[in-house]
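In listed order, ligands and their atoms are each counted from 1. Since the structure is predicted, the reported quantities are computational estimates derived from the model, not experimental observations.
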Amino acid sequence: MFWDTNNETLDRSSLEKLQLSLLQKTVERAQQAPYYGELFKKECITADSIKSLDDLRRIPFITKDDLRDHYPYGFLAVPRDKIVRMHSSSGSTGKPTVIFHTMSDIREWSGLIARCMYMTGVRESDVFQNMTGYGLFTGGLGFHYGAEQLGAMVIPVGAGNTKRQIMLMREFETSVIHIIPSYALHFIKSLQEAGIDPKSEFKLRIAYLGAEPHSDETRLRVEAALGVQAFNSYGLSEMNGPGVAFECTQKHGMHVWEDNFLIELINPTTLEPVKEGEDGEIVFTTLKREGMPLLRYRSKDIAAVITEPCPCGRTHRRLTRIKGRTDDMLIVKGVNMYPVQIEKTLMAIPQVGSNYLIQLEHKDYNDHMIVKVEVQAEMFHGDMKELQTLRKTITESLRSELLVTPEVELVEPGTLPQSEGKAVRVVDNRKQWG
Ligand code: ADP
Ligand code: ZN
């Protein structure tokens, strides 16, 4: 039950005891899947042989590639008849992976989302407009079922069609939205262009931002423009989707629901655990899933555990914002960087608009980085000197954040490609050079 906070405030040793018993059940269930059946036989792993949480380390990691190699049913642990729904990943890094859910999996997942929404203050009286894509993408139906389980009224509008979003928001007094951050910035720009003041014309009070890396600066923009409290929502389709880790009202780190997911943070190169508080790749083990239990799934997402207890009283550990996935890390002139560092820098500059694009070229035997930035339209009609000053300011801020000097190109709003789903921020034309 999402209003029962017992599990959320368990002391560490009770939580770990619960995790161990759930892990043993997971191993038992996973054995039925072709992939794990074979692996466990080879490695002599049985539920009884898992005597402590450390024994998990006897099981090898899996990655998206393993899921692809055993596509579609290699990880299925129940007869196909027990499956009531499938979802897939967005395919950001290649062929999408597929996850199967039993009825009980769907109930558990919905319960987790309801728990997240309840934690941030949503109640039955709220009207929830789900502004992310429906279909195979998990953000649509995931939040939909969670909000229904909580008892809120759901408007399943999906992504895009800004005019219709505004009409629904106004007429049905939407109080809570779920939206991809890049689309949120675009939506805000559209409101400004239409001369709509969301603070006086809408009844919005909460926004969930998730599905792609974004910075605190973006959150502050959304909060200021819409007059809402915005919370970071993290998830991945392999672990259901949203509802894996979520910010509480402290807005300082996301609680990982450790009664459903066991996390490890590893060094992606050595595969050894990192010290608490250090950045590492998050590795997940499902603790309750029936249809497709996954053990030690390498997410490729980089974050750190916040070591201090949360003032909200929940004991499930918090993760920092996701820095990016190891796949997204850019190496420019020998310097490592994540696209979100660029976002964070740009969004802190008020004249910067809602969109940007990072373009990488190979020129004269060297990496060349171009950052195209949309700025407010008025800037192009005023004094060109101001535009030059802004360009210098942006270049300087990026240089000090990245330690590489990019070429900054200022462009008018609406010039860069805009997606209603996850934004594509990087065009790397160096790849042809191998
Ligand atoms: P794909 O892996 O193909 O993008 P998913 O829809 O399963 O498909 O996306 C999950 C991924 O999205 C995560 O692994 C992570 O990289 C990213 N993601 C989701 N939520 C957040 C968030 N709040 N902050 C940063 N990244 C996020
Ligand atoms: Zn908290």
- Partners of Val411 by side-chain contact (heavy atoms from CB on, under 4.5 Å), sequence neighbours excluded? Glu374, Glu409, Thr415, Leu416

- Picking from Asp327, Thr63, Asp328, what satisfies side chain to side chain donor-acceptor pair (under 3.5 Å) with Lys300? Asp327

- Message: I need the atoms of ligand 1 closer than 4.0 Å to a non-hydrogen atom of Ser237, numbered in the order shown.
- Response: 7 (O)

- Message: Which label fits Phe246 and Tyr208: parallel for a plane angle under 30°, tilted from 30 to 60°, or perpendicular past 60°?
- Response: perpendicular

- Task: Give the numbers and elements of all ligand 1 atoms closer than 4.0 Å to a heavy atom of Gly235.
- Result: 10 (C), 13 (C), 19 (C), 20 (N)

- Report the part of Ala211 in contact with ligand 1, treating N, CA, C, O as backbone and CB onward as side chain, heavy atoms under 4.0 Å; options are side chain, backbone, both, neither. backbone

- Ignoring hydrogens, just give me the one of Pro213, Pro242, Gly421 whose non-hydrogen atom is nearest atom 26 (N) of ligand 1. Pro213

- Message: Test of understanding: given a 4.0 Å heavy-atom threshold, classify the contact between Lys300 and ligand 1 as side chain, backbone, both, or neither.
- Response: neither

- Message: Please confirm whether the ring centroid of His144 lies under 6.0 Å from the ring centroid of Tyr134.
- Response: yes

- Message: At under 4.0 Å between heavy atoms, is it the side chain or the backbone of Leu236 that contacts ligand 1, or both, or neither?
- Response: both

- Query: So is Arg321 close enough to ligand 1, meaning a heavy atom under 4.0 angstrom away?
  - Reply: no

- Which heavy atom of the protein is the closest neighbour of atom 24 (N) of ligand 1, given with residue, atom name and distance? Glu212 O, 3.4 Å

- Message: Parallel, tilted or perpendicular: which one describes the rings of Tyr36 and Phe40, with boundaries at 30° and 60°?
- Response: tilted

- Task: Using 2.8 Å as a strict upper limit, say whether an N, O or S atom of Cys248 approaches the Zn ion (ligand 2) that closely.
- Result: yes

- Looking only at protein heavy atoms, what sits closest to atom 8 (O) of ligand 1 is Ser90 N, 2.9 Å

- Sidechain N-carboxylate O distance under 4.0 Å for Arg399, Glu396: yes

- Query: Nearest protein heavy-atom contact for atom 2 (O) of ligand 1: which residue, which atom, what distance?
  - Reply: Lys64 NZ, 2.9 Å

- Tell me: protein heavy atom nearest atom 13 (C) of ligand 1, and distance? Asp301 OD2, 3.2 Å

- Which of the ligand 1 atoms, numbered from 1, are nearer than 4.0 Å to a heavy atom of Asn232: 22 (C), 23 (N)

- Task: Mark up the atoms of ligand 1 that fall under 4.0 Å of a heavy atom belonging to Gly91, in ascending order.
- Result: 3 (O)

- Any idea which protein heavy atom is nearest atom 12 (O) of ligand 1, and the distance to it? Lys422 NZ, 3.0 Å

- Is it true that the side chains of Thr218 and Glu343 contain a donor and an acceptor less than 3.5 Å apart? yes

- Under 6.0 Å between the ring centres of Phe100 and Tyr73? yes

- Taking the six-membered ring of Phe202 as reference, does the NZ or CZ atom of Arg170 fall below 6.0 Å from its centre and within a 45° cone about the axis? no

- ligand 1 contact on Ser233 by region, counting heavy-atom pairs under 4.0 Å: backbone

- Honestly, is Lys372 close enough over Tyr356, meaning NZ or CZ under 6.0 Å from the six-membered ring centre and within 45° of the axis? no

